[in-house]
2 protein chains.
Amino acid sequence: MEDTKTRILDAAERLLSERGFTAISLRAVTAGAGVNLGAVNYHFQSKKALIQAVFARRLEPLNRRRLAALDACEARAAGKPVPLEELLHAFLGPVMKPDGAGAGFVQLMGRMYTEPSLDVRRVFSAEMGKIAQRFISAFRRALPELPPEELFWRLLFTIGAMAQTLGAGLLLHFISGGICDPSDLEGIEKRLIRFAGAGFRASAGDARGKKRAARVRVS
Amino acid sequence: MEDTKTRILDAAERLLSERGFTAISLRAVTAGAGVNLGAVNYHFQSKKALIQAVFARRLEPLNRRRLAALDACEARAAGKPVPLEELLHAFLGPVMKPDGAGAGFVQLMGRMYTEPSLDVRRVFSAEMGKIAQRFISAFRRALPELPPEELFWRLLFTIGAMAQTLGAGLLLHFISGGICDPSDLEGIEKRLIRFAGAGFRASAGDARGKKRAARVRVS
DNA sequence: GTCTATATGGGGATAGAC
DNA sequence: GTCTATCCCCATATAGAC
């Protein structure tokens, strides 16, 4: 039997990924955890602090794995730019392969990107700030001809594609009629890397936008 | 002075795009609208019905515009497949150019894709179901060699990129350090079409995923 | 550390005067 | 149609017994 603190964190994580911050009550959390209502205010100080702890528990190791993967890529590259697809894998892989965290982890990550609560955003921003610069520098080196502004947008597109995928049970159901398997995280990551990789390599374009849209071929 | 019903819808839309379904109270809505608390239960029957009305008010004309744009594309194509970028424009354009709706519209659309509330999802799914098949058929014709499963995933990636962009003030701030302008909707749409267009055209790949990642060139 | 009981406030919904 | 007052429930947080 895990200790009370962990049980609370687990239950909160599950409910949070399903319903979001404001929709869950401490009563629901403690009932799900099989512990007493008072325990949450003993181990954490407030609902806010509990939610921040839930996210922090996953974000810290996640970003450690991301940085470790980036380190490994750069060591392999031996001074040369890291190939684009390896960078994408270093960034996306740790999210898609949670390595022993609960099943709710992936959905939780998806929710974090879209959670409107300021408290959640604060802890999320703090953690992301630690890794953003390293990855952006690496992407710049991999795509030296892409204007920085365009690079940022494409990173945002990629993150959005990832977040949507993690959170999507709904859309997938309607769009695919059920032929897509949202539980195949490895397959999804490969598809996403392929999609985003091609997107990153598209020409940056000009002010006239879509009329000069790239004609792309695959060798 | 607009009528009470409209004022309530407007206030609810603004608050909803900022904070989400469960976080807003009818008291906050009526205070923001400058109307009485009882009015919301007179004009609508419940909070749930109000929120559904908020989304439906925007979704219906949005999807009408999408279908009209698709109709125009297919008329121009005269029986041939509609080019991919035109399809993307027909789908994304009406979201990015709200045509006189309030400023909160774009954020509201972003939130709709990530809202966990079942009530919201229900109205959203109902509206999307009406246009999904038409667009999917058109995409299939534009990309006849792409396996259906892959097409669905790439559509989901594109929708995710769009939703993230619409909702993102947070990530953009951190990632770009402020050089990206989230209010330039037309520019964003062009960038997104370019990115997604290249992603759709990437080779479908095989089971080994990233190791055979496409080498893409632009003509 | 754990549980019960409770303080305090806010929520949605409604009844009924005007 | 609009406003006020109110019912009743549920929320977070805490105090204090064990």
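In the text below, chain A, chain B and the rest are named by the order of the sequence lines, each starting its count at 1.
In this entry the distance linking CG of A/N41 with C1' of C/dA7 reads 14 Å, nearest Å. To the nearest angstrom, C1' of C/dA13 lies 14 Å from CG of B/L50. Atom pair B/Q45:CD and C/dA15:P shows a separation of 14 Å (rounding to whole Å applied). If you measure from atom NZ of A/K47 to atom P of C/dT8, you get 22 Å, rounded to the nearest angstrom.
Annotation: the span from B/I24 atom CD1 to B/L15 atom CG amounts to 6.0 Å, rounded to 0.5 Å.
A salt bridge links B/R122 with B/D119: the distance from a Lys NZ or Arg NE/NH1/NH2 to an Asp or Glu carboxylate oxygen falls below 4.0 Å. Using a 4.0 Å cut-off between charged nitrogen and carboxylate oxygen, A/K97 and A/E189 do not count as a salt-bridge pair.
Screening residues 152-162 of chain B for salt bridge (charged side-chain N to carboxylate O under 4.0 Å, His left out) gives B/E150-B/R154 as the qualifying pairs, with residues at least two apart or on separate chains. Listed by first and then second residue, the side-chain hydrogen bond (donor to acceptor under 3.5 Å, both in side chains) pairs involving residues 16-32 of chain B are A/T22-B/T22 (not counting sequence neighbours). The stretch residues 124-137 of chain B participates, sequence neighbours left out, in these salt bridge (charged side-chain N to carboxylate O under 4.0 Å, His left out) pairs: B/D71-B/R134, B/E74-B/R134, B/E127-B/K130.
Residue B/R27 places no side-chain atom within donor-acceptor reach of the base of C/dG10, judged by atom type and a 3.5 Å distance cut-off alone.
Of the residues in residues 16-24 of chain A, A/I24 come within less than 4.0 Å of DNA chain D through at least one heavy atom, sorted by number.
Between B/S25 and C/dG10 there is no side-chain polar atom (N or O) within less than 4.0 angstrom of OP1 or OP2.
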Would you tabulate the pairs of protein nitrogen or oxygen atoms and nucleotide nitrogen or oxygen atoms of nucleotides 1-4 of chain C closer than 3.5 angstrom?
{"unit_1": "C/dG1", "atom_1": "OP1", "unit_2": "A/Y42", "atom_2": "OH", "d": "3.4"}
{"unit_1": "C/dT2", "atom_1": "OP1", "unit_2": "A/T4", "atom_2": "OG1", "d": "3.2"}
{"unit_1": "C/dT2", "atom_1": "OP2", "unit_2": "A/H43", "atom_2": "NE2", "d": "2.9"}
{"unit_1": "C/dT4", "atom_1": "OP2", "unit_2": "A/N36", "atom_2": "ND2", "d": "3.1"}

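At a threshold of 4.5 Å between non-hydrogen side-chain atoms, the residues A/F195 and A/R191 do not count as touching.
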Check: residues 35-43 of chain A side-chain donor-acceptor pairs under 3.5 Å, at least two apart:
{"unit_1": "A/N36", "atom_1": "OD1", "unit_2": "A/G38", "atom_2": "N", "d": "2.7"}
{"unit_1": "A/N41", "atom_1": "ND2", "unit_2": "A/Q45", "atom_2": "O", "d": "3.2"}

